[in-house]
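Below, chains carry the letters A, B, ... as their sequence lines are ordered, and counting in each starts from 1.
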Amino acid sequence: MVRTRFAPSPTGYMHLGNLRSALYTYLYAKKQGGQFILRIEDTDQSRYVEGAVDVIYNTLRDIGMLWDEGPDIGGAYGPYVQSERKAMYKPYAEQLVKAGKAYYCFCTNEELDARREESSQKGEVWKYDKHCLHLSPEEVQKRIAAGEPYVIRQNVPLTGEASFDDVLYGHIAVDCAELDDMVLIKADGMPTYNFANVIDDHTMAITHVMRGNEYLASTPKYNLLYEAFGWEKPVYIHMTPIMRDQTHKLSKRDGDAYYEDYLKKGYLREAIVNYVALLGWNPGDEREFFTLDELKETFDVTGMSKSPAIFDVNKLTWMNAEYVRKLAPEEFTRHALPYYEQAGVAGMDKDILCRILQPRTEIFTQIPEVVDFLTALPDYDAELFTNKKSKTDSAVSAEVLDFVIPALTALPEWTEEALHETLLGMAEAREMKNGTLLWPVRISLAGKLVTPGGAMEIATLLGREESLRRLNLGRAKL
RNA sequence: GGCCCCGUGGUCAAGCGGUCUAAGACACCGCCCUUUCACGGCGGUAACAGGAGUUCGAGUCUCCUCGGGGUCACCA
């Protein structure tokens, strides 16, 4: 049984990079009928953020990535919150000490700093010097009994090679001489993050460890721990970060690194997930639209990229527009409604709004700006009446409005059909290009060069009174 | 700096020794459609980081150089 885990720190936000890691981790397990476990890594209490765990729950649920075990639903390997596991790490470290694979260290920070400084003076790379490895058991006991603070360090062999095999990157080997004796248990009795990870992954029976690339170089060292315990090693799959550009990761200071940011900007969650899934993975064929279920069927590590991908809002926006266009009209309206309200057009004909807006909306937040002219006629210049392609200028526009206004005033019914028939009928009767007649009408109605929809839709949305008022205003400008 | 990893168009990417005078998508440009804009249709510009090898043959394998990232904490 494949068991993978997503182990975020509760920061209050869901970084897109984390989201993608969670996604791949989830998909990998689900593709193989395995289990996806959620573990909260909150050992750093100083970074505690109120409600942050809920953000994680809500985001995953919102997207549909349901976990099989986790803090809220429990499971056979709990607890699933690291701070609640505190007590279980130290005995493991002590077990290692007994086996000679770890040792107590009494060096103080000051002493370490001094030695570090000294070695950097000499231009050397600092590595813990195993100073306390040679303390006799008696002395260790004496100092512990005396209440002296201590840490427990991993005892890395001086020679030989540590290595592991990554599914994506292949065999990664590091010389043990390069490795530092890392701290396993801190002076406060708490485990270091890396040690806790090894213990948690093993005790939670995680079979496939999927995590960020930044652990690639240190994983051989963790593997030494598995060997020291005699535990079976997990399969490792390291994943690339999402970049802002060639040299920087997507980060919070760019203001666009979080999933929440994109929801606020009017992106659909399905589009975000779809786009993010494709950043660093491809299905091997030319498909690029996937629902979560389709991803579950299709996802495969062989399609994962080894080099980081640069995030391109352009393509996300395009993809979002594709999702928007595929929405059922009711769905489109449901998503657009808050923006209609914001723009003051919520009382207008929703069918027409949907018809003119849906093909033009890339992200929902664009709507208010696009329909602003419906609630307030912009202050516009008569130059707008001149358009070469439509063959209009102020004289032609004046002429057109002079016969359009009376005709529309006389319209018995102010419907789109009636407007359509009347307007185009007049163009035909006068052997005038549709565009020539419609241009001044639309400009008068909208006071804007570019509008969603044409003259008929706008007139219908505006209604008889407002339309005629605007047409007369337009005529007056000429 | 040591060690580890990565390197195909502006971006995402296919390619796993010959079918590469290198696919597809986004963006960009042009044309068509058209009631403005958008949608849609058609077409175009644009890449194997560089150099040595190996081989009959290299984007694909090896090495070096360059570029980029990661990592070297009692942070996670």
Identify, with sequence neighbours excluded, every residue that meets ring pair (Phe, Tyr, Trp, His ring centres under 6.0 Å) alongside Phe290(A).
Trp281(A)
Can you sort out the partners of Tyr128(A) under ring pair (Phe, Tyr, Trp, His ring centres under 6.0 Å), two or more places apart, ordered by chain and number?
none
So [X], base contact, sugar-phosphate only, or nothing? Heavy-atom distance under 4.0 Å.
X         : result
Gly284(A) : nothing
Ala309(A) : sugar-phosphate
Asn194(A) : base
Ser218(A) : nothing
Tyr275(A) : nothing
Ser305(A) : sugar-phosphate

Kindly indicate whether a cation-pi arrangement holds for [X] with [Y], taking the cut-offs as under 6.0 Å to the six-membered ring centre and within 45° of the axis.
X         : Y         : result
Arg39(A)  : Phe6(A)   : no
Lys186(A) : Tyr150(A) : no
Arg143(A) : Phe106(A) : yes
Lys477(A) : Tyr380(A) : yes

State the pairing partner of [N]; accept Watson-Crick or G-U wobble contacts with both distances under 3.5 Å, and report none otherwise.
N      : value
C63(B) : G51(B)
G9(B)  : none
G18(B) : C56(B)

[N] phosphate, OP1 or OP2: any side-chain N/O from [X] under 4.0 angstrom?
X         : N      : result
Arg116(A) : C74(B) : yes
Asn434(A) : U35(B) : yes
Lys186(A) : C75(B) : yes

With B for base contact, S for sugar-phosphate-only contact and - for none (protein heavy atoms under 4.0 Å), nucleotides 22-33 of chain B reads -BSBSS------
In whole Å, what separates the P atom of U60(B) from that of G50(B)?
10 Å
Atom CE of Met182(A) and atom C1' of C72(B) are separated, to the nearest Å, by 13 Å
Is the distance between the ring centroids of Tyr340(A) and His335(A) less than 6.0 Å?
no
